[in-house]
Chemist: 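The structure that follows is given in the form of structure tokens.
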Amino acid sequence: MSVLIDAETRIVVQGITGHQGTVHTRQMLQFGSRVVAGTTPGKGGQTVEGVPVFDSVQEAVDRTEANTSVIFVPAPFAKDALLEAVDAGLRLAVVVTEHIPFHDMLTMYHYAHAQGARIIGPNCPGIAAPGKSKAGIIPNVVFRPGRVGVISRSGTLTYEIVNGIKEHGLGQSTCIGLGGDPVIGTTFVDALPLFEADPDTDLVVLVGEIGGTAEEDAAEVLRTRFSKPVVAYVAGRSAPPGKRMGHAGAIIARGKGTAASKLEALKAAGAEVADFPYEIPDLVARALAERGRR
Amino acid sequence: MSVLIDAETRIVVQGITGHQGTVHTRQMLQFGSRVVAGTTPGKGGQTVEGVPVFDSVQEAVDRTEANTSVIFVPAPFAKDALLEAVDAGLRLAVVVTEHIPFHDMLTMYHYAHAQGARIIGPNCPGIAAPGKSKAGIIPNVVFRPGRVGVISRSGTLTYEIVNGIKEHGLGQSTCIGLGGDPVIGTTFVDALPLFEADPDTDLVVLVGEIGGTAEEDAAEVLRTRFSKPVVAYVAGRSAPPGKRMGHAGAIIARGKGTAASKLEALKAAGAEVADFPYEIPDLVARALAERGRR
Amino acid sequence: MVKLAEWRGKEIFRRYGMPLPRGAVVRSAAEAATAVASGAVPLPCVVKAQVLAGGRGKGGAVRFAATAAEAEAAAGAILGLEFKGERVREVLLEEKLPIARELYLSVALDRSRRLPIVMASAQGGVEIENVDDAQILRLPVHPFAGLTGYERRRIAKALGLTGGAARSLDRVLTALWGIFEREDAELVEINPLAVVGDAVIALDAKVIIEDDASFRHPEYSEVRDDRTPLEEIAREKEIAFVQLDGNIGVIANGAGLTMATLDVLQQFGGRPGVFLDLGGTDDPNKVTEAFLLMSKARPAAVFLNIFGGVTRCDTVARGLVEAMKLVPPEERFPLVARIRGNNEDEGIAILRSAGVTSLHELRESVQAAVAAAAGGRP
Amino acid sequence: MVKLAEWRGKEIFRRYGMPLPRGAVVRSAAEAATAVASGAVPLPCVVKAQVLAGGRGKGGAVRFAATAAEAEAAAGAILGLEFKGERVREVLLEEKLPIARELYLSVALDRSRRLPIVMASAQGGVEIENVDDAQILRLPVHPFAGLTGYERRRIAKALGLTGGAARSLDRVLTALWGIFEREDAELVEINPLAVVGDAVIALDAKVIIEDDASFRHPEYSEVRDDRTPLEEIAREKEIAFVQLDGNIGVIANGAGLTMATLDVLQQFGGRPGVFLDLGGTDDPNKVTEAFLLMSKARPAAVFLNIFGGVTRCDTVARGLVEAMKLVPPEERFPLVARIRGNNEDEGIAILRSAGVTSLHELRESVQAAVAAAAGGRP
């Protein structure tokens, strides 16, 4: 088992004929993913990397039984692409596209939620279960099958950390890059229960960033309904307090959002906290060994 | 057991200080309903028939643990009242108000649906479980506890038919008046499974009307996933074909919507069909007797 | 339900940016001449009677004009016509366009799905009921998402439009959806939507506004269908008033009960004439008003079938007896009453002592009413 | 993020029907005199510098004038001022109103809830962070429902408004919500919202438009914050460029990796100066551009930390070596590079043979960069 995707997952790539879509379709196929279809309006009938292209997601679903989408279409059209995926009955959509207005994402999230569909992202590296499937853009080279789950708000930092786990001789069960945008479809709070329920995950590495209260919210889940060991890292401890949203943003967060607040919450919830990314593999190995002894 | 409401149901009446709200609060209390709160903005602190009035539904919920709303507020404000009920966490709202624009009701229905709340109505007589509770305006006098379920699109015709069942010496488990508006929160299709699951219902009387395809849709449920006997009546067999929606309406319905189409579908699905309302009690008694023999 | 004439529909279309033929609405032949002379209506032009009924083309209510004189003559000939019972007060003159294809496009409510539904067909210009099902795209649209890009592409495909025509369709769809949502429409229909060169243009406009939304749209209150004086009174009192071709008047409360009453009446050989539906109420004042209103319609007999919810039957009965006294002798009619609900025995007693046939069972009441209309004592 | 000056915010407010003081924006003392003389600005009036920074009141950037001459003088004095590094180019003159109370009202995004949130407090006119939590109403608003009537009543209650003031608040809320949704705002803030007689009036306006929505709002492209030339170049190339006060330049790809790099750098005694974040990409052209951009910032040393996803590390390394040749001798700087990912060993070999310190581990790379900045050989 793995989280959200597995070897049976049938992927449709929306925006497959674009540069990113094509490059990552190839990478996903090399990873072993079953990319069964792509879509680009007006380009139905072509193939990309041997994958048939359709004009619409509905056609792709009808013809290939695709059940998961990876979206690469440009930001102005991303909302439409997601709604199309949801309306075609897909239950999981990984939105790689960056720079989607958060007002669009509000519609996307609440619409998908109401229809029972899950979004990963936007502006995210996606999800990978080594040896099974990848729906997204995390480099293939960092993975190795194993029993460590990874949930991260970052992109390349995730690659760095996942790679570190591999180089330490460990492997990953499933890795999800949630994306760092203001509104994301799946948060730590949403993702943690999936890993709690996954029998193939022994431990979770949680990679956070300063800003927002996602890590504090995650700590609450860890404290109340998570039984597996967690190793956490939060990037940005050296950054001066951010002011992106000005006064109103400050009162929404009310003292949360700093690295200190996040680390404290995660520690209090029982997570092992790494001060720097390169400390993570050791902490993981130690926590796994301890779990093994119990 | 009964359907949707029972003796524990805690009712808040929205628009309790209006004429209708007050009259029916009294009737519900006489029926035995636990009407625990009412709301009218600006009239918090008053009481109506001994029921405390609050300015908002949230206050009513906080103070009285109300879990079901009956809405009497005028049509221009009904959408707002329903959203307020849903946002305050109520899971069932009976909308008695008539003349709500269907565009408002589209928002109301899909919003409530997304939040996991159920609407009965609008423009409906509501729901009653004799001996337990009533949330709505069906006259108390027509009821008597028993094992016949009633689902109806009509108002006063429901009273007539429910009364006929009582006068025949039978009684009702739960009676739901769905309302006859173009968009309703709970249809036959939605309500039938509730009665199928209710151990206190032995048989269902289904009261339809010409127009729309609700009865044809219900027949599909009866055919595929309903095990209890059904007695059906459809009002309007003598009416000339309606033209309310003109050509476009006709192609949406495509030959459905007439009494003939509905009766045929219901018969084909195994329902006993009454030609006139006064035939219903006999058909019910016969079907129950037959069920008893099996 | 407020059905708008084509020219009013097109005024709304214009506000929402719908591509339309150039044209003008006129109320006299002289205005038609001026509209052509001023260049507002290019020649050749189409001259269309502004009536709500369909079938104008076959009925001589649409004509063509190649010159200003012809336009003036055509407008003059059409104005004042009576078309299917409607007097023609306005005429719409529009440029005659070189039409390549005629399409169909509409948005309405799909009650079963509880969603708006866009319908599109490449077979436009004919009544859509006569188009084969397989030729019609039915696309449910979620109100929280609006008409999305991918749905627009599906519609363009179904209509066989590409390039400039597809872009032009996009304007049409934005207008169509905007009108449906923001004007509280029940129906927005364009038939035909014409392909003209590299664009699509709305040749006709059918817009129906929902009555229940009139509190948001006072602007439509003046454009309601013509009503008879009796219908107007009934409307003001919120009583549904329907004229059929029989001779028995029916007063009932609630659409379902009213329909069931008519069903039984026909079963026993009665021919319903006027029927009044009070809605779900048993308000005694409204019963009285309906009774007085009914007397104006001069029925051969009246059957009153009220199921009492809130009000006690004796109260309703007393109101009815009082109302009977207000009816002038020449307007009196035989009355059969059936009042059910709370305190029904007292109600029946009050009516009977006032000489009204008051029965308990629906069947026997109906039979009595049919007999009364046929001249028997009710 | 496009922060709008008060007068631009108020132009939007006006379009959405927000109640505002009468006033005018001017760009010279003479225009100020004319604005008062024409009656566009009633006296007495407030004269406010149009700068983005807060604290204008205490900083002398807000003055009062009782006569036209005073208004002219005040505008003249403020125009051309430098306020917290911003030159004052516009001055807003507005009637001075008899304020009964000052309230706070805003709408922003609540990321955790994934909902817009309206915040309201009866304690307005001060920085909202300084207001006690219990004095602030936080009301999440669902985008599919909009700002409903019951939510409006809750806000009015929290602000202590009834009667005419509550009705006036309704206009304010409609405008506030409309701007947030339709202008793609990140923040719409009114502080203070003043109670004046029986109405509420927006005295200030803070509107921040989301950058990512700029494809829908070309009208805001001309009102961006002033940027330095380097920042402008970086922006065009979609590279995040941030100036800190240290001397080590950092180039990395991705916000998380960049932050982690800075964290480690500080841990080992380095002081980050400029940092460039390429975003999630490892596009070799963008790496090269960032490298050349960095050379303009004259850092003491540069640490480049790229995790390769799509591109192979050898390709990135070759691009970097080519770019180094383009840097003029006087702009050269010591470079420590860390390129991880696909084909990393080849990449490291290429860089080393070009004389670049190229390491594998983050810790040792950072230590080398810190040493290089301190004058040691990297």
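Chain letters run A, B, ... following the sequence lines, proteins first, then strands; residues in each count from 1.
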Chemist: Shortest non-hydrogen contact from B/G212 to C/R111?
Modeler: CA-CD, 4.2 Å
Chemist: Crowded around C/K84 NZ? As in, over 12 foreign heavy atoms under 6.0 Å?
Modeler: yes
Chemist: Provide the closest heavy-atom pair for C/D263 versus B/G236 in the form atom of the first, atom of the second, distance.
Modeler: OD2-N, 2.7 Å
Chemist: Is chain C contacted by the side chain of B/P76, its backbone, both, or neither, given a heavy-atom distance below 4.5 Å?
Modeler: both
Chemist: Quick check on C/R182 against chain B: is it the side chain, the backbone, both or neither that has a heavy atom closer than 4.5 Å?
Modeler: neither
Chemist: For C/R363, is it the side chain, the backbone, both, or neither that has a heavy atom closer than 4.5 Å to a heavy atom of chain B?
Modeler: both
Chemist: Taking every non-hydrogen pair under 4.5 Å, which of B/V142, B/V23, B/D104 racks up the most with chain C?
Modeler: B/D104
Chemist: What pairs with C/R56 under salt bridge (Lys or Arg N to Asp or Glu O under 4.0 Å), at least two apart in sequence or on another chain?
Modeler: C/E6, C/D204
Chemist: Under a 4.5 Å heavy-atom cutoff, which of C/S112, C/G254, C/P272 has the most pairs with chain B?
Modeler: C/S112
Chemist: Quick check on C/Q135: does its CD atom have over 12 non-hydrogen neighbours (other residues, nucleotides or ligands) under 6.0 Å away?
Modeler: yes
Chemist: How far does CZ of B/R237 sit from CD of C/Q266, to the nearest 0.5 angstrom?
Modeler: 10.5 Å
Chemist: Shortest non-hydrogen contact from C/R114 to B/L106?
Modeler: O-CD2, 3.1 Å
Chemist: Please state whether the side chain, the backbone, both or neither of B/Y111 comes within less than 4.5 Å of a heavy atom of chain C.
Modeler: both
Chemist: Mark yes when over 12 heavy atoms from residues, nucleotides or ligands other than B/H113 sit less than 6.0 Å from its NE2; otherwise mark no.
Modeler: no
Chemist: Over 60° means perpendicular and under 30° means parallel, so classify the ring planes of C/F268 and B/F276, tilted if in between.
Modeler: tilted
Chemist: Is chain C contacted by the side chain of B/E279, its backbone, both, or neither, given a heavy-atom distance below 4.5 Å?
Modeler: neither
Chemist: For B/Q30, I'd like to know if atom CD has over 12 heavy atoms of other residues, nucleotides or ligands within 6.0 Å.
Modeler: yes
Chemist: Please examine the side chains of B/P277 and C/V264, heavy atoms only from C-beta on, and report whether any two atoms are closer than 4.5 Å.
Modeler: yes
Chemist: B/M105, B/H103, B/Q20: which one forms the most heavy-atom pairs within less than 4.5 Å of chain C?
Modeler: B/H103
Chemist: Looking at C/L115, C/L265, C/N191, which has the largest count of heavy-atom pairs under 4.5 Å with chain B?
Modeler: C/L115
Chemist: Can you say whether B/V234 sits under 4.5 Å from chain C via the side chain, the backbone, both, or neither, judging by heavy atoms?
Modeler: backbone
Chemist: Tabulate, in ascending numerical order, the residues of residues 154-164 of chain B having at least one heavy atom closer than 4.5 Å to a heavy atom of chain C, or enter 'none'.
Modeler: B/S154, B/T156, B/L157, B/Y159, B/E160, B/N163
Chemist: Please classify the contact between C/E344 and chain B as side chain, backbone, both or neither, with a heavy-atom cut-off of under 4.5 Å.
Modeler: side chain
Chemist: Can you tell which part of B/I100 gets under 4.5 Å to a heavy atom of chain C, answering side chain, backbone, both or neither?
Modeler: backbone
Chemist: For the residue pair B/A235 and C/G256, what are the closest heavy atoms and their distance?
Modeler: CB-O, 3.8 Å
Chemist: Under the salt bridge (Lys or Arg N to Asp or Glu O under 4.0 Å) test, which residues partner B/D282, sequence neighbours left out?
Modeler: none
Chemist: Hey, which of B/I138, B/V189, B/I137, B/I184 has the most heavy atom pairs under 4.5 Å with chain C?
Modeler: B/I184
Chemist: Testing the basics here: between B/P182 and C/L109, what is the closest heavy-atom pair and its distance to 0.1 Å?
Modeler: CB-CD2, 3.6 Å
Chemist: Please identify each residue that fulfils side chain to side chain donor-acceptor pair (under 3.5 Å) with C/E361, with sequence neighbours left out.
Modeler: none
Chemist: If we define contacts as heavy-atom pairs under 4.5 Å, which of C/V242, C/L362, C/N253 has the most with chain B?
Modeler: C/N253
Chemist: Quick one: sort the C/F180 and B/F102 rings into parallel, tilted or perpendicular, breaks at 30° and 60°.
Modeler: tilted
